[in-house]
Peer 1: 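Here you go, one structure.
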Amino acid sequence: PTATPEPTPIPLVEPKLKSHTFAQDFAAEDGTVVLSVAYTLPSIENRDASPALEAIHNRYDQMGEDLLNNAASTAQDAIADYEISSQAGLSFQPTTEEMSYEVSFLSERVLSISRQFYASTEGAAHPTVLRLSDTFDLQDGRKLTFTDLCTDGIAASQRALKAVQNADQIAQLGLSAAEVETAFQPEQFYLTEEGFVFWFQPGELGPSNSPVEVTVPYSALEEDLVQW
């Protein structure tokens, strides 16, 4: 019988990244700007070199368009508030929204990106700051979960949780192990050269105006990690 040929390996192409900013000002009929947005996301210059890179590029391109569409909807509410405030002789404070990113890890096989969302209204006590992240397989372009990076997702999650519970940042917050376990979500991560960075949104670990991040070194999870 004829032997089944080995599948042709998919060539891996290193992404050439640049930034694409999706920006727009939304104004009332009198020209007063009520909402300004600028969402800066990755764009892949050499996306034509690989279906995986094209998939990642298209994901962020669609994300930018979706963010602008959401902002347009938010702006309609802001315009209505502005008009009511004007009629009542009250002051109105415009809002600014921004998104930024950085490449936190890049290997032959994996791309990891950390994103930050920032929103501020003039006169507000504190801005809204949120952490977001994406990790991709450069072979097929799919977004990777924490479980995808482990041979045993449950065991790795338990090891990661224990490392987070024992972290100095957590000890300084004075939280119990049970409180940390309730808030911990292993899918909230990005990669760096040092290890996994697990993040918590403001309020998930008690009162806070900014995300809390804890780095768990790869050595703490090495028994459960796949190679990438």
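Model, not experiment: these values are computed from the prediction. Worth knowing before you read on, the calculation uses all heavy atoms, side chains too, and leaves out hydrogens, waters and symmetry mates.
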Peer 1: Judged by atom type as modelled, is there a donor-acceptor pair below 3.5 Å linking the side chain of Q165 to the main-chain atoms of A177?
Peer 2: yes
Peer 1: Tell me whether the centres of the aromatic rings in F189 and F196 are closer together than 6.0 Å.
Peer 2: yes
Peer 1: Please name the pair of heavy atoms, one in Q139 and one in L12, separated by the smallest distance, quoted to 0.1 Å.
Peer 2: CA-CD2, 3.4 Å
Peer 1: Looking only at side chains, do E97 and Y118 share a donor and an acceptor under 3.5 Å apart?
Peer 2: no
Peer 1: Would F184 end up clustered with I154 when hydrophobic side chains under 4.5 Å apart are linked, directly or stepwise?
Peer 2: no
Peer 1: Could you go through L144 and D134, starting from their C-alpha distance and side-chain angles, then the distance that decides it, and tell me whether this counts as side-chain contact (heavy atoms from CB on, under 4.5 Å)?
Peer 2: CA-CA 8 Å; L144 295 170; D134 313 290; over 6 Å; no
Peer 1: Got a second to check how far E54's CD is from R47's CZ, nearest 0.5 Å?
Peer 2: 8.0 Å
Peer 1: So, do L149 and L191 sit near enough that their side-chain heavy atoms are less than 4.5 Å apart?
Peer 2: yes
Peer 1: Minimum heavy-atom separation for S210 to P202, with atom names?
Peer 2: C-CG, 3.6 Å
Peer 1: Ion pair present between D148 and K143, side-chain N to carboxylate O less than 4.0 angstrom?
Peer 2: no
Peer 1: Just by modelled atom types, is the S104 backbone N or O under 3.5 Å from a matching donor or acceptor in the S112 side chain?
Peer 2: no
Peer 1: What I'd like to find out is whether the side chain of H20 reaches to under 4.5 Å of the side chain of L41, using heavy atoms alone.
Peer 2: no
Peer 1: Once you round to the nearest 0.5 Å, how far does CG of L138 lie from OG of S50?
Peer 2: 7.5 Å
Peer 1: Quick one: are L225 and C150 in side-chain contact, heavy atoms under 4.5 Å?
Peer 2: yes
Peer 1: Nearest heavy-atom pair of P42 and L17: which atoms, and what distance?
Peer 2: CB-CD2, 4.1 Å
Peer 1: Take F136 and W228, measure what ring pair (Phe, Tyr, Trp, His ring centres under 6.0 Å) needs, and give me the verdict at the end.
Peer 2: CA-CA 11 Å; F136 298 101; W228 68 80; over 10 Å; no
Peer 1: Does atom CG of D30 have more than 12 heavy-atom neighbours, drawn from other residues, nucleotides or ligands, at distances under 6.0 Å?
Peer 2: yes
Peer 1: To the nearest 0.5 Å, tell me how far T151 OG1 sits from L221 CG.
Peer 2: 10.5 Å
Peer 1: Does any non-hydrogen side-chain atom of D224 lie less than 4.5 Å from one of R159?
Peer 2: yes
Peer 1: Judged by atom type as modelled, is there a donor-acceptor pair below 3.5 Å linking the side chain of T32 to the main-chain atoms of A28?
Peer 2: no
Peer 1: Just wondering, do E98 and V37 contact through their side chains at under 4.5 Å, heavy atoms?
Peer 2: no
Peer 1: Determine, step by step, whether V34 and T95 satisfy the side-chain contact (heavy atoms from CB on, under 4.5 Å) criterion, reporting the C-alpha distance in whole Å, the side-chain angles of both residues, the deciding distance to 0.1 Å, and the verdict.
Peer 2: CA-CA 6 Å; V34 299; T95 297; over 6 Å; no
Peer 1: Are Y101 and M99 connected into the same hydrophobic cluster when the rule is that any two of I, L, V, M, F, W, Y join if their side-chain heavy atoms are below 4.5 Å apart?
Peer 2: yes
Peer 1: How close do A71 and Y39 get, counting heavy atoms only, and between which atoms?
Peer 2: CB-OH, 3.6 Å
Peer 1: For a quick test of reading the model, state the closest non-hydrogen atom pair linking A183 to E204 and the distance between them.
Peer 2: CB-O, 3.3 Å
Peer 1: When you measure from the side chain of D152 to the backbone of A155, do you find a donor-acceptor pair of N or O atoms at a distance under 3.5 Å?
Peer 2: yes
Peer 1: Quick one: which of R131, E213, R115 gives a side chain to side chain donor-acceptor pair (under 3.5 Å) with Y190?
Peer 2: E213
Peer 1: With a 3.5 Å cut-off and no angle check, do the side chains of S19 and T40 form a donor-acceptor pair?
Peer 2: no
Peer 1: Given side-chain contact (heavy atoms from CB on, under 4.5 Å), test F200 with V164 step by step and report yes or no.
Peer 2: CA-CA 11 Å; F200 300 84; V164 170; 4.0 Å; yes
Peer 1: Hydrophobic clusters here meaning ILVMFWY residues chained together by side-chain heavy-atom distances under 4.5 Å, can you tell me if V216 and V226 are in one?
Peer 2: yes
Peer 1: Under 3.5 Å, is there a donor-acceptor pair between the S43 and Y60 side chains?
Peer 2: no
Peer 1: Go through the side-chain N and O atoms of S36 and T96 and say whether any donor and acceptor fall under 3.5 Å apart.
Peer 2: no
Peer 1: Once rounded to the nearest 0.5 Å, what's the spacing between atom OG of S133 and atom CZ of F198?
Peer 2: 10.0 Å
Peer 1: Within this structure, what is the CZ-CG distance for the pair R109 and L106, rounded to the nearest 0.5 Å?
Peer 2: 13.5 Å
Peer 1: Taking C-beta and beyond as the side chain, do I44 and K16 meet within less than 4.5 Å on heavy atoms?
Peer 2: no
Peer 1: Rounded to the nearest 0.5 Å, what's the gap from CD on Q62 to CG on D66? Could you check?
Peer 2: 4.5 Å
Peer 1: Would you say CD of E45 has more than 12 non-hydrogen atoms from neighbouring residues, nucleotides or ligands within 6.0 angstrom?
Peer 2: yes
Peer 1: Applying a strict under-4.5 Å side-chain criterion to I, L, V, M, F, W and Y, I'd like to know whether L161 and V197 cluster together.
Peer 2: no
Peer 1: With hydrophobic residues grouped by side-chain heavy-atom distances under 4.5 Å, do L205 and W199 end up in a single group?
Peer 2: no
Peer 1: Can you find a pair of side-chain heavy atoms, one from V129 and one from F117, that are under 4.5 Å apart?
Peer 2: no
Peer 1: Output, in order, the C-alpha distance, side-chain angles, deciding distance and verdict of side-chain contact (heavy atoms from CB on, under 4.5 Å) for T135 and I113.
Peer 2: CA-CA 6 Å; T135 298; I113 290 175; over 6 Å; no
Peer 1: Tell me, do F146 and S157 make a side-chain contact under 4.5 Å, heavy atoms counted?
Peer 2: yes
Peer 1: Considering residues, nucleotides and ligands other than E14, do more than 12 of their heavy atoms fall under 6.0 Å from its CD?
Peer 2: no
